[in-house]
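Have a look at the structure below, then the notes.
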Amino acid sequence: MKRIVYREWRIPPTQFWSTLGILAAMVGMATLAFGYMEHTGHWVSGMNNSVVWGTPHVFAVFLIIAASGALNIASISTVFHKPMYKPLGRLSGLLAAAMLMGGLLVLVMDLGRPERLIVAMTNYNFSSIFAWNIFLYTGFLIIVIAYLWTMADRQGAAFNRPVGLIAFLWRLALTTGTGSIFGFLVARQAYDAAILAPFFVVISFAYGLAVFMLVLMYAFDEDNRPIGEKIMRRLKNLLGLFVAGGLYFTLIYHLTNLYGAKNDGFELWLLTNGGMHTFMFWVGSVLIGGLLPLGIIYHPELSKERNWIMTACGLVIIGGLATMSVVIIGSQAYPIQMFPGQTILESGFFDGVNGAAAPYHPTIPELLLGLGGVAVSLIITVVGVRVLQFLPESLADDVVALDEELLREEAFAKPA
Amino acid sequence: MEKVIDMKDENDAINPQRRAFLGVAAGVTAAVTVAPGVLLHTVDAAPRAEPVTSDVRWGLLIDTAKCVDGCSACVDACHHENGLNLQTMPAEQAVKKWETQKPAWVRKVKLQDNQTGRMTTLPLMCQHCDDPPCVDVCPTGASFKRADGIVMVDRHLCIGCRYCMMACPYKARSFIHSDVHGQLTSVPRGKGCVESCNLCVQRRDFGQESTACVDACAAEGHHAIVFGDLKDPDSTICKLLNEMPSRQLREDLVLNTGVRYSGV
């Protein structure tokens with residue numbers, strides 16, 4: 001095994017600046033979209049008094065949970081003693097910080113009164129999971145920066161394991177907290193389920209890893225750095241495991257709902273009759289985000305090809321956004337059941353007349369705002385790997401450390 | 001030079017009569033101009049200056065048997081009382097979309113029992129829970145419950161995150177989606193904040209009885225809504241609650257609502 005050397009991302013300046021230019025343009029458009037919605041009011045968005053959180057929240061929550069998932073790679077190395085993952089730790093930390101920043105910006109930019117952010121920083125109601133999340137998110141950023149320092153600086157190396165352990169526990173708390181934003185809501189049938197918290201933890205593993213793998217493979221390809229088969233196989237199998245875990249939690253969530261008669265209406269609507277939301281669930285979340293990537297990852301031939309693995313990662317991300325849309329928008333669109341056993345014939349406030357779901361049609365400014373968050377995350381990542389030593393020079397098989405499992409295999413391979 | 005000083009001394013000599021006159025004049029002026037203001041202010045401020053206490057708990061009883069299908073007097077009255085009628089649809093907006101975005105503190109709902117086909121009509125508004133989910137989830141504490149049981153939004157603390165709207169089991173809250181013009185002094189409103197029925201809190205603070213919706217319903221001769229103190233056994237609302245069966249909406253959530261319904 002050779003020594004791991006980290007180097008700045010050495011792509012041609014034109015490529016670097018044009019990449020930055022495109023991302024900056026996306027941020028610029030998002031800024032305009034924010035200014036437009038803030039100036040005119042939210043009536044220009046598709047959000048309304050029934051579906052109060054829309055497309056920006058889909059992107060924001062995706063980025064936030066993917067952030068905590070991206071940090072997992074570093075945790076596997078530090079907390080679970082897998083030396084093979086050690087060279088990936090720095091990029092893992094950088095992506096985690098970058099995506100959290102992007103996600104939080106989108107959330108803040110969508111507030112009705114974004115100029116009152118200082119109020120949120122100075123007035124806390126500790127019975128609100130939102131208030132706790134403000135500490136969980138800012139704490140996460142600080143801890144990740146400290147974690148990166150222990151990975152990159154000799155003086156910090158001694159603190160690597162304790163800081164890594166704190167980061168791991170903190171990220172679990174963060175994703176649990178994000179899932180609890182929805183899980184603690186007793187008002188709506190789709191929420192009010194404690195399983196949403198661990199569900200968010202599992203899907204965060206999948207989304208974070210998918211983003212991490214895409215960024216890693218793209219960055220290495222562009223700079224002609226090698227990624228060995230060993231590490232590719234491990235990452236790919238890990239992604240398969242997390243995607244399967246997400247599907248399992250989805251299955252259990254819906255089976256639990258289907259068991260009780262009170263949720264029959266909701267499940268029937270979402271699984272068969274919910275129009276766009278049903279499509280998002282079956283095609284977006286289950287097929288694109290789950291079955292197709294699993295098919296690629298465990299296919300004997302396709303799984304060996306880099307392009308197919310990248311496709312699988314992309315599908316997990318697209319499916320993840322669809323899952324967020326089902327969890328956030330679909331769950332609000334289904335009318336609140338205030339009068340069980342009765343049908344609402346007329347209402348002055350869209351209370352689900354004759355069981356109709358609430359309308360929601362995403363608008364361009366919302367989409368631009370969400371994409372702006374993605375662009376901010378990517379700008380931080382691109383600039384980070386360009387100017388600092390985040391990426392290892394090589395992940396070839398002879399460079400990365402052997403895993404204890406492989407060591408065992410070798411031991412078994414020897415004749416007795 | 002010395003002469004000037006002498007002159008000054010002469011002018012500065014105290015004239016007791018002049019001083020007395022000025023004193024009386026100032027006193028009379030103050031009495032005529034300032035005192036009525038002070039007195040009026042003192043008289044007026046009495047109910048508002050007293051802190052709200054938990055000796056009372058304001059609530060509503062809605063008798064759905066008396067609520068008339070097709071009548072929207074309570075909704076109209078609420079709009080006038082709180083200036084919701086002053087908010088106009090943005091010129092470029094589609095009517096259908098604006099219907100989903102315009103604020104509504106109270107709305108009429110018509111129900112039909114799936115089994116029996118029995119029809120019910122009722123007004124639905126903030127239920128003023130004793131244990132309000134909107135207050136639990138508000139990150140800044142903008143959503144709060146007063147000691148007298150009124151649940152409302154502090155519009156200075158609201159950051160417009162809409163988490164309370166996600167948490168309300170009665171869909172009682174509205175987000176202000178557009179600019180507000182010509183709002184009422186007693187009900188300040190602003191774009192980007194969340195709002196809901198506050199049992200005409202401005203009337204409580206001025207010691208008035210009843211709410212706009214109750215008055216309007218009574219004026220129509222329906223008397224379907226009764227306002228009062230749920231803690232006062234002699235109040236009309238308590239007597240009625242003792243006489244007739246009533247229930248809370250979504251009782252399973254055990255929120256102990258301040259608004260009760262009869263005949264649902």
Side-chain angles (χ1 to χ4, degrees), chain A residues 38 40-53 107 110-117 119-120 122-125 127-134 181-182 184-188 191 262 332 335-351 353 358-361, chain B residues 72 75 89-90 92-93 96-104 106-115 119-121 124 133 135-143 156-163 165-171 173-179 190-194 249-250 253 264:
Chain A
E38 205 277 332
T40 53
H42 271 64
W43 66 268
V44 295
S45 78
M47 291 176 269
N48 51 56
N49 283 325
S50 304
V51 178
V52 301
W53 289 350
L107 268 194
D110 182 72
L111 290 177
R113 304 299 298 253
E115 83 282 6
R116 286 187 185 166
L117 189 60
V119 174
T122 48
N123 289 273
Y124 292 104
N125 165 29
S127 67
S128 167
I129 190 73
F130 248 26
W132 283 100
N133 279 348
I134 292 171
I181 289 175
F182 305 100
F184 286 2
L185 294 178
V186 294
R188 294 173 191 267
Y191 302 140
K262 68 170 184 171
Q332 295 175 80
I336 294 179
Q337 299 299 297
M338 277 175 276
F339 305 99
Q342 311 218 41
T343 302
I344 294 179
L345 299 179
E346 289 170 21
S347 164
F349 201 53
F350 292 86
D351 288 299
V353 175
Y360 172 74
H361 304 286
Chain B
S72 63
V75 178
M89 183 181 84
E92 303 87 356
Q93 184 66 307
K96 203 175 162 191
K97 194 172 169 192
W98 178 243
E99 287 295 316
T100 68
Q101 292 176 325
K102 70 177 186 187
V106 56
R107 78 269 199 181
K108 284 289 296 285
V109 177
K110 187 176 171 184
L111 311 164
Q112 183 172 36
D113 192 292
N114 294 342
Q115 193 67 46
M119 302 266 203
T120 315
T121 311
L124 190 59
V135 173
D136 284 343
V137 301
C138 178
T140 64
S143 197
H156 296 285
L157 284 181
C158 178
I159 57 172
C161 73
R162 286 105 79 198
Y163 196 17
M165 298 175 75
M166 294 283 281
C168 176
Y170 307 101
K171 200 161 168 275
R173 295 204 152 183
S174 301
F175 180 68
I176 305 180
H177 283 79
S178 70
D179 276 319
K191 179 181 76 183
C193 286
V194 174
L249 298 185
R250 302 204 68 182
L253 300 178
V264 183

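Naming convention: chains lettered A, B, ... in sequence-line order (proteins, then strands); numbering from 1 in each chain.
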(message) For a quick test of reading the model, state the closest non-hydrogen atom pair linking B/Met165 to A/Asn49 and the distance between them.
(response) CE-OD1, 3.4 Å
(request) Check each atom of B/Met119 against the heavy atoms of chain A and say whether the ones under 4.5 Å are side chain, backbone, both or neither. (result) side chain
(message) Is it the case that the side chain of B/Lys171 and the backbone of A/Met338 share a donor-acceptor pair, with hydrogens and angles ignored and the cut-off at 3.5 Å?
(response) no
(message) Is A/Thr343 in contact with chain B via its backbone, its side chain, both, or neither, using a 4.5 Å heavy-atom distance?
(response) both
(request) Heavy atoms only, distances under 4.5 angstrom: which of B/Gln115, B/Lys96, B/Met89, B/Glu99 has the most pairs with chain A? Name it, please. (result) B/Glu99
(request) Heavy-atom distances under 4.5 Å only: say whether A/Tyr191 touches chain B with side chain, backbone, both or neither. (result) side chain
(request) Indicate yes or no for a side-chain donor-acceptor contact from B/Thr140 to the backbone of A/Val119 under 3.5 Å, with no hydrogens or angles considered. (result) no
(message) Please give me the minimum heavy-atom distance between B/Gln93 and B/Trp98, naming the atom from each residue.
(response) CG-CB, 3.8 Å
(message) Under 4.5 Å from any heavy atom of chain A, what part of B/Val135 do you find: side chain, backbone, both or neither?
(response) backbone
(message) Let's test your reading of the structure: which of B/Cys138, B/Ala104, B/Cys193, B/Ser143 forms the most heavy-atom pairs below 4.5 Å with chain A?
(response) B/Cys138
(message) Looking at every non-hydrogen atom in both residues, tell me the closest pair between B/Phe175 and A/Gly112 and how far apart they are.
(response) CZ-CA, 3.6 Å
(message) When you measure from the side chain of A/Arg188 to the backbone of B/Pro169, do you find a donor-acceptor pair of N or O atoms at a distance under 3.5 Å?
(response) no
(request) Let me know if A/Pro359 has heavy atoms under 4.5 Å from chain B in its side chain, its backbone, both or neither. (result) side chain
(message) Counting heavy-atom pairs closer than 4.5 Å to chain A, which one of B/Lys97, B/Arg173, B/Lys102 comes out on top?
(response) B/Lys97
(message) Does any backbone or side-chain atom of B/Cys168 lie under 4.5 Å from a heavy atom of chain A? Answer side chain, backbone, both or neither.
(response) backbone
(message) Can you tell me which portion of A/Ile181 sits under 4.5 Å from chain B's heavy atoms? Options are side chain, backbone, both or neither.
(response) both
(request) Would you mind checking which part of A/Val44 comes under 4.5 Å of any heavy atom in chain B, side chain (CB onward), backbone (N, CA, C, O), both or neither? (result) backbone
(message) Shorter than 4.5 Å, heavy atoms on both sides: which option in A/Asp351, A/Asn133, A/Val186 has the most such pairs with chain B?
(response) A/Asp351
(request) Check B/Tyr170 against B/Leu249 and note the closest heavy-atom contact, atom names and distance. (result) OH-O, 2.7 Å
(request) Identify the heavy atoms of A/Trp43 and B/Ser178 that sit nearest to each other, and give their distance. (result) CD1-CB, 3.4 Å
(message) Counting only non-hydrogen atoms closer than 4.5 Å, does B/Lys108 touch chain A with its backbone (N, CA, C, O), its side chain (CB onward), both, or neither?
(response) backbone
(request) Look at B/Ile159, B/Thr120, B/Thr121 and state which one has the largest set of heavy-atom pairs under 4.5 Å with chain A. (result) B/Ile159
(message) I need the residue from B/His156, B/Arg107, B/Glu92 with the largest number of non-hydrogen atom pairs under 4.5 Å to chain A.
(response) B/Arg107
(message) Between A/Ile336 and chain B, with a heavy-atom cut-off of 4.5 Å, which part of the residue counts as in contact: side chain, backbone, both or neither?
(response) side chain
(message) If I measure from the heavy atoms of chain B, does A/Phe339 come under 4.5 Å with its side chain, its backbone, both, or neither?
(response) side chain
(message) Looking at every non-hydrogen atom in both residues, tell me the closest pair between A/Asn48 and B/His177 and how far apart they are.
(response) CA-NE2, 3.6 Å
(request) Sort out for me which of A/Thr40, A/Ile129, A/Val51, A/Thr122 touches chain B most, counting heavy-atom pairs under 4.5 Å. (result) A/Thr40
(message) Given heavy-atom pairs under 4.5 angstrom as the criterion, report whether the side chain, backbone, both or neither of A/Asp110 touches chain B.
(response) both
(message) Any salt bridge linking A/Glu115 with A/Arg113? Criterion: basic side-chain nitrogen under 4.0 Å from a carboxylate oxygen.
(response) yes
(request) With rounding to the nearest 0.5 Å, note down the distance linking CH2 in A/Trp53 to CZ in B/Arg162. (result) 8.5 Å
(message) For A/Trp132 together with A/Tyr124, are the ring centres under 6.0 Å from each other?
(response) no
(message) Counting only non-hydrogen atoms closer than 4.5 Å, does A/Glu38 touch chain B with its backbone (N, CA, C, O), its side chain (CB onward), both, or neither?
(response) backbone
(request) Please look at B/Ile176 and chain A and tell me whether the side chain, the backbone, both or neither of the residue comes under 4.5 angstrom of a heavy atom of that chain. (result) neither
(request) Sort out for me which of A/Gly41, A/Ser127, A/Ser128, A/Pro340 touches chain B most, counting heavy-atom pairs under 4.5 Å. (result) A/Ser128
(message) Looking at A/Val52, is its backbone amide N or carbonyl O close enough to the side chain of A/Gln332 to form a donor-acceptor pair, meaning the two atoms are under 3.5 Å apart?
(response) yes
